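To keep things clear, I will list the structure first and then write my remarks on it.
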Amino acid sequence: MPELPEVETVRAQLEPKLVGRRLADVQIADHRLTRPHDPTVVAAELTGERVTALDRRGKYVVVRFKSGRVLLIHLRMTGQLLHVPAGLHDSAGLHDLAGLHDGSGSLPVDDPHRRAVVRLDDGSDVVYRDVRRFGTWLLIEPGEVDPYLAQRLGREPLAPAFTARRLGEALAGRKAPVKAAILDQRRLAGVGNIYADEALWRAQIHPQRPAGELTEAEIAALHRGIRAALRAGIARQGATLRDYRTPGGASGQMQHEFKVYGRTGEPCERCGSPIEKIRAAGRGTWYCPACQKLSS
DNA sequence: ACCTCGTCCTGGTTGC
DNA sequence: TGCAACCAGGACGAGG
């Protein structure tokens with residue numbers, strides 16, 4: 001599930017491949033990708049655009065064009081953006097990069113999960129894959145992107161302006177579990193299920209604590225925990241559970257560093273107690289019942 | 001305003 | 001062994 005660290009890794013790796021390039025040809029194979037807009041129309045509008053910047057906001061990849069228009073890409077659960085150098089199209093190498101081994105030593109001729117391909121003016125391709133088709137491409141007219149994002153996204157957790165005080169403001173008065181609160185993109189942009197659990201473990205806070213009841217010290221610890229977990233994820237190029245790949249096709253390494261996520265029954269690194277799995281905020285949630293107490 | 005839950009979607013896993 | 005049920009979860013809208 002691409003969260004902030006995965007999306008930031010994709011952005012950083014794609015940036016030098018995309019900035020300055022013109023979109024020579026755009027093919028969109030999935031009508032859901034550009035909903036509610038017609039993919040053929042979107043593809044035609046994208047063709048000829050020149051990329052001036054590749055940014056990230058929350059979990060969105062923000063592709064900025066010279067025209068002022070912006071393409072917002074959201075990978076949701078299983079979206080991938082892969083860069084394929086000129087001359088390697090449709091080769092076995094691409095399937096290898098995309099992690100499509102079928103275990104028999106042979107590689108599929110067609111990739112059924114390829115939803116879109118952008119040919120750049122240097123002959124390379126940006127391939128968009130998405131098994132579950134939750135991902136979205138939204139082409140936005142100049143001036144409309146800031147209001148669109150402002151309506152949906154809160155603060156960037158790694159920005160200097162995101163202080164413990166700001167986090168406290170976002171959590172104040174809320175009775176929802178703290179995990180639900182930090183997953184709320186309108187409060188905090190970019191934290192998903194994995195890094196929420198990892199951040200709460202670092203802060204030694206129970207995921208079901210009411211968000212508004214955290215003490216000042218706990219808010220400070222959570223602030224540090226969120227930023228440390230996200231930075232660790234970026235440093236490891238994200239976490240690959242199944243689908244996530246960098247644009248070069250590599251797996252992330254952060255899954256090897258998880259303190260709690262997916263580690264049911266394994267000893268807590270801090271206290272040795274077995275990690276437990278519960279359901280919180282409607283999501284699978286892992287935590288240490290000994291050092292993340294519900295009542296402090 | 002806040003909060004919870006259902007929906008979208010596919011493929012891997014579980015259970016009978 | 002076969003096959004249906006279940007599970008994973010980011011964003012969003014419905015309903016309380």
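Only heavy atoms go into these numbers, but all of them, side chains included; no hydrogens, no water, no symmetry mates. Reminder, nothing fancy here: chain letters follow the sequence lines and each chain counts from 1. Because the structure is predicted, anything quoted here is derived from the model rather than measured.
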Protein-to-nucleotide contact annotation, 5' to 3' order, nucleotides 10-16 of chain C [B base; S sugar-phosphate only; - none; under 4.0 Å, heavy atom]: BBS----
Answer yes or no on whether A:R56 is positioned over the face of A:Y60, meaning its NZ or CZ is under 6.0 Å from the six-membered ring centre and within 45° of the axis. no
Base, sugar-phosphate, or nothing: which does A:Y195 touch, judged by heavy atoms less than 4.0 Å apart? nothing
Criterion ring-ring contact (aromatic ring centres under 6.0 Å, His included) on A:H74 and A:F134, from CA distance to verdict: CA-CA 9 Å; A:H74 201 302; A:F134 280 172; over 10 Å; no
Is there side-chain contact between A:V42 and A:L138, with heavy atoms separated by less than 4.5 Å? no
Considering every strand and a 4.0 Å limit on heavy-atom distances, what is the contact class for A:R279: base, sugar-phosphate, or nothing? sugar-phosphate
Is it true that A:H83 and A:S124 share a donor-acceptor pair across their side chains at a distance under 3.5 Å? yes
Here's a test of your reading of the structure: between A:R133 and A:A176, which maps to the more 5' nucleotide of DNA chain B? A:A176
What pairs with A:T52 under side-chain contact (heavy atoms from CB on, under 4.5 Å), at least two apart in sequence or on another chain? A:R64, A:K66
If I take atom CZ in residue A:R186 and atom P in nucleotide B:dT4, what distance separates them, rounded to the nearest angstrom? 12 Å
Would you classify A:K179 as touching base, sugar-phosphate or nothing, given that sugar-phosphate means primed atoms plus P, OP1 and OP2, and contacts are heavy atoms under 4.0 Å? nothing
How close or far is atom C1' of B:dC3 from atom CG of A:D184, stated in whole angstroms? 10 Å
Determine: side-chain N/O of A:R187 to OP1/OP2 of B:dC2, distance under 4.0 Å, yes or no. yes
Nearest to the side chain of A:H113 - C:dA8, B:dG11, B:dG12? B:dG11
Find the distance A:D243:CG to C:dC7:C1' and express it as a whole number of Å. 14 Å
Hey, could you give me each pair passing side-chain hydrogen bond (donor to acceptor under 3.5 Å, both in side chains) that has a residue in residues 280-291 of chain A? Not counting sequence neighbours. A:K179-A:T285, A:T264-A:W286
Without decimals, in angstroms, what is the distance between A:R174 CZ and B:dC3 C1'? 8 Å
Taking the six-membered ring for Trp, are A:Y261 and A:W201 closer than 6.0 Å centroid to centroid? no
Taking for each residue the nucleotide of DNA chain B bearing the nearest heavy atom, is the 5' side occupied by A:A172 or by A:G282? A:A172
Rounded to the nearest Å, what distance is computed from the CD atom of residue A:E213 to the P atom of nucleotide B:dC3? 12 Å
